[in-house]
Amino acid sequence: MVPDFILTEFENAIKKIGLKDCSKLRFEAPKNPDFGDYATNIAMIVAKDLKKNPREIAQKIIELVDFDKQIVERITIDGPGFINIKLSNLFFAQELEKMYQFGEEYGKSFLGKGLRANVEYVSANPTGLLHLGHGRNACIGDSIANLYSWLGYDVTREYYFNNAGKQMTNLARSIYARYRHLLGEEEYPFPEDGYFGEYIKEIANELVQKYGNSLVPETNENLEICKKFGEEWCFNKIRKTLSNLNIFHDVFYNEDSLYHNGKIDEVIKIFREKELVYEKDGALWLSLTKLGLKEDRVIVKSTGEPTYRLPDIAYHREKFLRGFDLIIDIFGADHIATVPDVLAGIRALGFDDKKVKVVIHQFVTLMENGVQVKMSKRSGRSYTLDELIEEVGADVVRFFFLMRSVSTHLEFDLNLAREHSEKNPVFYLQYAYARICSIFDTAKERNITFDEKANTDCLNLPQEINLIKIQRLFPEIIQTSAEKFEPQILADYLIDLATAFHSFYHDCRIIGSDEPILSARFKLTKVAQRILKNGLTILGVNTPERM
RNA sequence: GCGCCACUAGCUCAGUUGGAUAGAGCAUCAGCCUUCUAAGCUGAGGGUCACAGGUUCGAGUCCUGUGUGGCGCGCCA
């Protein structure tokens with residue numbers, strides 16, 4: 001972010017040349033550092049309106065601005081009319097002091113103070129184990145929750161599930177069939193769309209241990225026992241897997257409760273009052289065409305059961321009624337079709353659907369030795385999330401799921417993930433952190449202390465200044481990463497920071513330097529340590545002090 | 001057939017609301033440890049930004065069309 005004193009000075013200059021509107025004034029960091037630290041294209045943008053040459057306008061602007069020469073080293077006009085500003089090393093050295101003074105939680109802000117955010121993620125029904133897609137969803141959701149929490153929001157982490165309906169019946173029947181198979185009745189029919197995974201056999205086996213053959217009569221009661229048992233079994237596994245990733249939800253919201261507490265009926269009633277529903281073929285249809293969409297959809301089947309759309313709308317309405325200012329949903333790409341319907345429903349109920357942010361992530365493919373590891377739900381031979389965590393560790397799983405942009409397909413390279421070496425970016429980051437810790441350990445051992453009050457103005461080597469420049473970006477990175485719902489931005493940034501630190505470390509000694517360099521470099525190192533700690537924590541990656 | 005997402009170096013990916021000479025990691029090649037962790041650092045080579053038009057001072061980025069891949073398009077969730 002451009003320093004305020006530059007912004008105000010430029011705003012004043014622009015007003016003086018007769019432009020009232022300053023909204024187009026933007027500063028960016030030029031890609032080529034030779035141009036300076038900040039650049040603005042304002043002269044080119046207003047050239048047309050003023051009917052003047054952009055370079056002439058730029059010239060006028062820089063004649064009107066006045067800066068301390070010690071802070072602003074030079075202002076130049078380059079190319080078609082860019083105004084480039086180069087700040088002095090002294091400026092950056094002083095910025096380090098500010099960052100250091102911010103303390104342990106450098107990067108936190110108060111943008112979301114007093115606001116409540118709800119982040120819904122994972123939301124897998126208790127019919128099976130989590131697979132890799134859920135893993136990506138979980139890691140993205142948890143990091144986004146962390147990011148908003150760092151922006152000062154009061155964040156609720158939520159898991160929405162359905163333990164009723166067709167899928168659960170299917171689960172019960174699948175378990176029951178396996179149960180009968182285990183009792184020796186191999187010819188007992190397995191449901192056609194049943195769950196084929198091995199875990200169903202495990203569940204059935206536990207039922208045999210617990211109930212023996214007492215569930216043999218195929219009664220509703222016995223199927224209900226299978227259902228409850230299966231649900232609990234799956235949920236325990238899911239929670240265990242999530243806890244292995246250090247992910248914990250605040251609220252588990254049961255879809256079924258929307259039926260029991262009449263919330264579904266309330267929504268239907270409102271839709272009726274607004275004349276947004278009609279009966280056709282024995283079903284109740286929502287007039288999405290009246291809301292600007294292409295097709296109407298059924299919300300209550302002719303059997304009297306709602307389709308998924310209705311509880312989804314009711315659920316989102318509840319989120320609004322619970323008082324959230326920001327509602328974030330993390331969905332896999334297969335859910336994309338439902339989003340416009342739910343948002344339209346919410347709008348129709350009189351809520352501001354702009355407060356709902358739907359993050360759609362693309363799928364995950366697992367690669368091993370250059371070929372894709374096939375995952376089939378039907379055969380049940382899919383690689384479970386748990387197996388992956390077991391194999392490569394939670395830190396690698398979390399980082400790998402976050403290091404790619406949410407909107408792109410993610411290729412999970414098992415060989416790279418297994419590699420505990422410099423090739424693996426997780427270790428590159430953790431190594432930087434451990435290295436820093438080791439510096440402080442060594443200093444302690446050798447009784448070297450540094451002066452908190454020492455001035456950082458003495459820093460001016462390129463490696464030092466470069467590191468400070470990157471450190472300064474951290475709060476902004478957190479903000480963009482959150483606003484764009486892209487933890488990958490933070491992940492990439494941390495790698496840049498680690499690179500800048502390693503480079504500084506390589507060229508500049510800390511222990512052994514004389515004052516005031518010693519203390520200044522200690523502060524520089526301390527800030528790098530805090531950023532790595534905070535950044536990795538937001539991503540859910542551990543920061544070991546030794547490696 | 002329709003909708004969404006993608007297409008950038010050999011591979012995996014970045015690329016800030018359109019900016020100046022398109023970047024990183026891996027892989028390849030060449031260097032750097034008696035000093036705070038070499039899981040590190042420094043350097044080199046490697047590109048028709050899928051293709052074709054358009055918009056303008058200026059396009060990897062915006063618009064249109066085409067191609068390729070993924071995911072959806074139910075009274076399943």
Side-chain angles (χ1 to χ4, degrees), chain A residues 26 28-32 34-35 39 41 44-45 47-48 53-54 78-82 84 123 125 127 162 165-167 170 193 255 280-285 294-295 297-309 311-312 332-340 360-363 365 367 370 403-413 416 419-432 434-443 445-446 448 463 476-477 480 484 488-489 491-492 495-496 498-499 501-513 521 525 546-547:
Chain A
R26 297 261 155 76
E28 57 168 14
K31 278 183 205 157
N32 185 343
D34 295 343
F35 287 126
N41 59 355
M44 289 174 315
I45 290 175
K48 222 179 213 175
N53 180 316
D78 299 291
F82 289 104
N84 289 318
S123 294
N125 286 335
T127 56
N162 178 9
K166 207 166 130 191
Q167 290 184 67
N170 199 354
D193 328 319
E255 178 184 326
K280 194 178 105 188
D281 305 330
L284 190 67
W285 293 69
K294 281 188 179 165
E295 277 177 289
R297 299 283 183 188
V298 171
I299 54 170
V300 181
K301 300 183 229 173
S302 51
T303 58
E305 286 172 279
T307 65
Y308 68 89
R309 272 172 256 268
D312 262 15
D334 52 342
H335 276 67
I336 189 139
T338 82
V339 174
I360 303 276
H361 67 265
Q362 296 298 309
F363 280 29
T365 43
M367 299 293 283
M403 70 181 182
R404 298 293 177 239
S405 168
V406 164
S407 63
T408 62
H409 201 92
L410 187 143
E411 202 160 290
F412 195 108
D413 184 341
L416 180 60
E419 186 117 24
H420 282 234
S421 77
E422 77 282 357
K423 290 174 197 164
N424 193 323
V426 183
F427 296 109
Y428 184 78
L429 290 172
Q430 291 183 325
Y431 183 69
R435 219 179 194 186
I436 293 173
C437 293
S438 150
I439 296 167
F440 287 110
D441 285 349
T442 309
E445 275 169 30
R446 299 185 194 172
I448 298 165
Q463 294 88 339
E476 203 178 328
I477 290 288
T480 2
K484 294 187 154 189
Q488 167 264 328
I489 293 175
D492 269 11
I495 291 175
D496 283 349
T499 302
F501 177 76
H502 282 309
S503 176
F504 156 75
Y505 174 88
H506 185 264
D507 295 335
C508 308
R509 278 202 71 79
I510 301 158
I511 294 172
S513 301
R521 285 186 181 165
T525 305
R546 271 173 236 278
M547 282 175 77

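Below, chains carry the letters A, B, ... as their sequence lines are ordered, and counting in each starts from 1. Since we're looking at a predicted model, the values are computed, not measured.
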Regarding A:Lys484, tell me which of base, sugar-phosphate or nothing describes its non-hydrogen contacts under 4.0 Å with the strands shown. sugar-phosphate
Answer yes or no: does a side-chain N or O of A:Thr338 lie under 4.0 Å from OP1 or OP2 of B:rA77? no
Should A:Phe363 be counted as stacked on B:rG70, where stacking needs a ring-centre gap under 5.5 Å and an angle between planes under 30 degrees? no
Candidates B:rG3, B:rA77, B:rG70 - which lies nearest the side chain of A:Gln167: B:rA77
For A:Arg446, answer base if it contacts any base atom (sugar-phosphate contacts may also be present), sugar-phosphate if it contacts only those atoms, and nothing otherwise; contact means non-hydrogen atoms under 4.0 Å. sugar-phosphate
For B:rC41 and B:rA20, measure between their P atoms and round to the nearest Å. 27 Å
From B:rC13, B:rC41, B:rA77, pick the nucleotide closest to the side chain of A:Asn125? B:rA77
From CD1 of A:Ile510 over to P of B:rG40, roughly how many Å is that when rounded to an integer? 17 Å
Go through the side-chain N and O atoms of A:Thr499 and A:Tyr428 and say whether any donor and acceptor fall under 3.5 Å apart. yes
Can you tell me how far C1' in B:rA30 sits from the matching atom in B:rG23, rounded to whole Å? 22 Å
Under 3.5 Å, is there any donor-acceptor pair linking the side chain of A:Asp334 to the base of B:rG72? no
With heavy atoms under 4.0 Å as the rule, sort A:Thr307 into base, sugar-phosphate or nothing. sugar-phosphate
Is the shortest side-chain N/O distance from A:Thr442 to OP1 or OP2 of B:rU37 below 4.0 Å? yes
Under 4.0 Å from OP1 or OP2 of B:rG74: is there any side-chain N or O of A:Lys301 that close? no
Of all the nucleotides listed (B:rA38, B:rG15, B:rC71), which has the minimum atom distance to the side chain of A:Tyr431? B:rA38
Using the six-membered base ring of B:rA20, report whether A:Phe35 stacks on it, requiring centroids under 5.5 Å and planes under 30° apart. yes
With heavy atoms under 4.0 Å as the rule, sort A:Ala29 into base, sugar-phosphate or nothing. base
Return the nearest nucleotide to the side chain of A:Thr499; candidates are B:rG70, B:rG19, B:rC41. B:rC41
When we call it a touch if two heavy atoms are under 4.0 Å apart, what does A:Ala432 touch: a base, just sugar-phosphate, or nothing? nothing
